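Working notes for the structure below.
Sequential numbering from 1 along the given sequence is applied to the chain's residues. Side chains included, hydrogens not; waters and symmetry mates left out as well; all remaining heavy atoms used. Predicted model, so just to flag it, every value in this text is computed and none were measured.
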Amino acid sequence: MDKTILIQPESGLHFDWKAIASNPSGHHEPQIDLVAYKALYTNKIAQARACGQEPVLVSLPIMDEDRYFAYITRGMSMQERKNVLYWLGGKTERLRNIHAMYNLSLFRLAAVQCVHLVDITSPMLASTHYDELLDQDGVTLSPAGEAMVNRELASLASRLSVLAS
């Protein structure tokens, strides 16, 4: 059975950061909440299977919350940056926690749906120079990060072809 790799590089980190900076005490939802995120993947898995494909999920890459905070608050005043940080509970670590929550949902979904999952998170975490795997925004893969992901995908393809023979 042919494999279909399902990659959704987005996580729940897309908020209206300007709205948060203007109203840090307000309730703000991500552009795609966790329920919708799981539904999106569940639908993609079902579509792949309906086409006779075997879906393969790919975990999210790591993130650098400090670089991401600098990226999302670029062009904001010092007060707006403080407001965003206030909304985050005073720590940029909250960004990493949100990202991790979405990533963990992929691992759980893979288990529940009985699909392969390419874990790119672990090798990135194990890297001594993980910061070199990310672009300046702290979430997008750099060329070195893309090369690492390609190695993991190639490794999976090799393991799956051995299992199929």
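Met124 and Tyr130 make their closest contact through O-CB, 3.3 Å (heavy atoms, listed as atom of the first residue, atom of the second, distance). Nearest heavy-atom pair, Ala36 versus Ile32, reported as atom, atom and distance to 0.1 Å: CB-CG1, 3.8 Å. Leu134 and Gly138 get closest at one heavy-atom pair: CD1-O, 3.4 Å. In terms of heavy-atom proximity, Leu109 sits nearest to Tyr41 at CD2-CB, 3.3 Å.
With hydrogens and angles disregarded, no donor-acceptor distance shorter than 3.5 Å links the side chain of Arg94 to the backbone of Lys91. When atom types are taken as modelled, the side chain of Ser22 and the backbone of Lys18 share a donor-acceptor pair closer than 3.5 angstrom. A donor-acceptor pair under 3.5 Å is formed between the side chain of Arg67 and the backbone N or O of Asp131. Listed for the His28 side chain is a donor-acceptor partner under 3.5 Å among the backbone atoms of Asn23. The backbone N or O of Gln136 sits nowhere less than 3.5 Å from a side-chain atom of Tyr71 that would complete a donor-acceptor pair. Remark: side-chain polar atoms of Ser77 are paired, donor with acceptor, to backbone N or O of Glu80 under 3.5 angstrom.
Counting heavy atoms from C-beta outward, Ile20 and Asp16 have side chains that stay 4.5 Å or more apart. For the pair Ser105/Leu34, a side-chain contact is recorded, criterion being any heavy-atom separation below 4.5 Å from C-beta on. Put simply, the side chain of Phe107 reaches to within 4.5 Å of the side chain of Asp119, judged on heavy atoms. Residues Leu95 and Leu13 have side chains in contact (heavy-atom distance under 4.5 Å, counting atoms from C-beta outward). Contact annotation: the side chain of His116 never approaches that of Leu57 to less than 4.5 Å [non-hydrogen atoms, C-beta and beyond]. For the pair Glu132 and Ser142, the minimum side-chain heavy-atom distance is 4.5 Å or more. At a threshold of 4.5 Å between non-hydrogen side-chain atoms, the residues Glu54 and Val115 do not count as touching. Two residues are said to be in side-chain contact when any heavy atoms from C-beta on lie closer than 4.5 Å; Phe69 and Arg81 meet this criterion.
Hydrophobic clustering (side-chain heavy atoms under 4.5 Å, transitive across Ile, Leu, Val, Met, Phe, Trp, Tyr) groups Val58 together with Leu125. Cluster membership check: Val112 does not share its hydrophobic cluster with Leu104, using side-chain heavy-atom separations under 4.5 Å among Ile, Leu, Val, Met, Phe, Trp and Tyr. A single hydrophobic cluster is not seen to contain both Phe15 and Tyr86; linkage of ILVMFWY side chains at heavy-atom distances under 4.5 Å, directly or through other members, places them apart.
In this structure, a donor-acceptor pair under 3.5 Å is absent between the side chains of Gln113 and Arg108. In this model, a donor atom of one side chain and an acceptor atom of the other lie less than 3.5 Å apart for Asn103 and Thr121. Counting only N and O atoms by type, the side chains of Gln79 and Asn83 include a donor and acceptor under 3.5 Å apart.
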Asn150 vs Glu146, side chain to side chain donor-acceptor pair (under 3.5 Å): CA-CA, chis, key distance, verdict: CA-CA 6 Å; Asn150 289 336; Glu146 289 176 8; 5.9 Å; no
Residues Tyr37, Leu106; criterion side-chain contact (heavy atoms from CB on, under 4.5 Å); working and verdict: CA-CA 9 Å; Tyr37 189 74; Leu106 289 176; 3.7 Å; yes
Residues Ser59, Val118; criterion side-chain contact (heavy atoms from CB on, under 4.5 Å); working and verdict: CA-CA 6 Å; Ser59 69; Val118 179; over 6 Å; no
Thr92/Asp66 under side chain to side chain donor-acceptor pair (under 3.5 Å): CA gap, chis, key distance, verdict: CA-CA 6 Å; Thr92 58; Asp66 293 327; 2.6 Å; yes
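Taken from CZ in Arg49 to CD in Gln47, the straight-line distance is 12.5 Å, to the nearest 0.5 Å. Rounded to the nearest 0.5 angstrom, His99 NE2 and Met63 CE are separated by 6.0 Å. Note that the CG atom of Leu85 and the OG1 atom of Thr73 stand 9.0 Å from one another [nearest 0.5 Å]. Atom-to-atom distance recorded for Ile62:CD1 and Leu141:CG is 9.0 Å, nearest 0.5 angstrom. Between the CZ atom in Arg96 and the CD atom in Glu65 there is a gap of 4.0 Å [rounded to 0.5 Å].
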